[in-house]
2 protein chains.
Amino acid sequence: MAVPTDAPARAKGRPRNAATDHAILEATRSLLAELGWGGLTMSHVAQRAGVAKTTLYRRWPSKNELVVDAVAVLFDDLEMTDLGSLRADIEAVVQRFAALLSRPETQAAMLALFAEGTRDPLLRGRIRESIVDPQKRLVHQGRANAQARGELPPDVDEATADQEVDIIFDTIAGAVEHRILVSGQPACEEWISRFTTLLLAPLAALSTGRP
Amino acid sequence: MAVPTDAPARAKGRPRNAATDHAILEATRSLLAELGWGGLTMSHVAQRAGVAKTTLYRRWPSKNELVVDAVAVLFDDLEMTDLGSLRADIEAVVQRFAALLSRPETQAAMLALFAEGTRDPLLRGRIRESIVDPQKRLVHQGRANAQARGELPPDVDEATADQEVDIIFDTIAGAVEHRILVSGQPACEEWISRFTTLLLAPLAALSTGRP
DNA sequence: TCTTTTCGCTACCAGACGTAGCGTATATGT
DNA sequence: ACATATACGCTACGTCTGGTAGCGAAAAGA
């Protein structure tokens with residue numbers, strides 16, 4: 001799920017201006033933060049990016065797709081660390097996720113995108129594969145790292161392992177998002193530490209069965 | 001923040017038909033559920049409610065305001081139970097919260113509302129006092145019930161108690177919202193049970209200090 | 001130079017929000 | 001009963017937006 005476009009990879013005619021992609025996505029994000037989904041118009045995006053409206057539609061098939069790409073880029077540099085302990089890894093990834101969500105333009109863009117996703121099942125699918133699934137993969141990887149270190153027991157079953165990743169993912173991402181987007185409070189270092197403590201206690205027991 | 005309108009309270013001319021308010025809000029909710037936000041048009045709402053489109057605009061200044069009012073009432077009947085055990089209480093409230101979030105019209109309105117709130121601090125305050133704070137109060141009450149039953153240790157300090165309620169609230173509400181709104185999976189009974197187990201383990205230790 | 005693709009521009013369509021004006025219905029106050 | 005003031009339905013309209021079509025010019029490779 002790279003950054004850009006819809007384009008064929010011809011080497012024949014005039015190449016597309018690569019900077020234009022970035023300008024369009026940046027304009028989309030800033031306008032989304034300023035005006036919300038309702039206020040965001042393709043004409044305005046084109047104007048701020050300094051391109052013609054038709055250029056937008058040559059690169060993205062619709063407004064929905066454009067906004068998905070504009071927001072998805074923000075999550076691209078979220079990667080799982082391997083700092084030697086599960087606690088450190090969780091705190092590190094939560095820290096960076098929280099920092100990302102604390103930016104006002106990310107908040108507006110992300111919420112507007114998910115709100116629109118409730119209208120459009122197709123858009124929801126695109127959101128899922130571009131944003132949600134990559135994040136879930138981070139949990140999977142962090143869990144694998146912890147297993148390699150012996151901090152977590154190995155998988156007993158692929159299905160239950162997936163279930164476990166699901167529930168951990170929803171808990172971590174949900175708590176951070178709720179703290180910042182809904183409660184409107186900062187996810188400061190102390191909060192992250194307390195939350196990680198809350199989460200770590202039952203983690204080892206989870207895969208072995210009910211305690 | 002009652003249910004209805006925008007109207008002055010004159011006692012002079014012909015009064016507004018009170019049933020019309022209800023019919024419009026009901027039509028808005030049902031159409032929202034059927035067609036999603038994108039399929040919802042003011043003309044269609046007017047038609048189903050059996051009123052003229054102009055009547056809508058005499059009572060609500062815009063489509064957004066109408067939808068917010070139409071759905072705000074849905075959160076009113078969320079109450080804390082007292083079933084005799086912390087686990088049962090948590091499962092019960094999560095169950096009802098999840099059921100509420102599973103309704104398509106709730107999803108659309110809620111996300112749209114929070115998205116709009118990122119741009120409008122006034123709206124954000126109204127959301128906070130109408131939706132967020134009442135929900136947080138549920139957590140506070142459930143915790144007090146558990147303390148009365150001896151399942152949780154009593155408060156050592158008001159400030160840390162508030163901190164605790166905050167983190168529990170963000171974790172519970174966040175996980176359910178993320179599961180349903182972001183991951184797009186149902187919060188079935190088994191998931192609720194697993195999540196409650198995950199949550200219960202560290203709860204008693206949390207207020208006594210770091211384990 | 002010739003070909004291919006990009007790009008900006010103008011014009012255009014369909015649909016949705018939101019408004020204006022008019023006539024009529026229904027309440028209160030005297 | 002009468003005047004007054006408001007609600008209501010209806011039709012028509014203005015405006016904006018998403019998205020498309022066609023044109024000529026610019027920029028690259030062959």
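Lettering of chains follows the sequences in order, A, B, ..., and the numbering in each one begins at 1.
Atom CG of B:L66 is separated from atom P of C:dG18 by 10 Å (rounded to the nearest Å). As a whole-Å value, the separation of A:E65 CD from D:dG18 P is 15 Å. Atom pair A:L56:CG and C:dC9:P shows a separation of 13 Å (rounding to whole Å applied). Here D:dA7 presents its P atom at 13 Å from CD1 of B:I24, a figure rounded to the nearest Å. Atom P of nucleotide D:dC16 and atom CG of A:L35 are separated by 15 Å, given to the nearest angstrom. Atom NZ in B:K63 sits roughly 16 Å away from atom P in C:dG15 (whole-Å rounding). To the nearest angstrom, C1' of D:dG18 lies 16 Å from CG of A:L31. What separates CG of B:D21 from C1' of D:dA7 is a distance of 12 Å, to the nearest Å.
Checking C:dC17, C:dG8, D:dG18 against every side-chain atom of A:M42, the shortest atom distance belongs to D:dG18. Each of C:dG8, C:dT19, D:dG18 was ranked by its minimum atom distance to the side chain of A:V51; first place goes to C:dG8.
Under the 6.0 Å cut-off for aromatic ring centres, A:F169 and A:H140 do not qualify, their centroids lying 6.0 Å or more apart.
Between A:Y57 and D:dG19 there is a side-chain polar atom (N or O) within less than 4.0 angstrom of OP1 or OP2. Listed pair B:T41 / C:dA16 fails the phosphate criterion, with no side-chain N or O lying under 4.0 Å from OP1 or OP2. Proximity of B:T55 to the phosphate of D:dC8: no side-chain N or O atom is located under 4.0 Å from OP1 or OP2.
In terms of polar N and O atoms assigned as donor or acceptor, the side chain of B:R58 comes within less than 3.5 Å of the base of D:dG9 in a complementary pairing. Looking at B:T54, its side chain comes within 3.5 Å of the base of D:dC10 through a donor and an acceptor atom. Within 3.5 Å, a donor on the side chain of A:R14 pairs with an acceptor on the base of C:dT6, or the reverse. Side-chain to base pairing of B:K53 with D:dG9: no donor and acceptor N or O lie closer than 3.5 Å to each other.
Looking only at distances, a side-chain donor or acceptor of A:R87 sits under 3.5 Å from a matching main-chain atom of A:S193.
A:K63 has its side chain within reach of A:L40: a pair of non-hydrogen atoms, C-beta onward, lies under 4.5 Å apart.
When heavy atoms are screened at a 4.0 angstrom cut-off, B:L40 is found touching the sugar-phosphate backbone but no base atom.
Of all heavy-atom pairs between B:F114 and A:L111, the closest is O-CD1, 3.7 Å. When all heavy atoms of B:D170 and A:S183 are compared, the closest pair comes out as OD1-OG, 2.7 Å.
Comparing B:P15 and B:S62, the nucleotide of DNA chain C nearest to each residue sits closer to the 5' end for B:S62.
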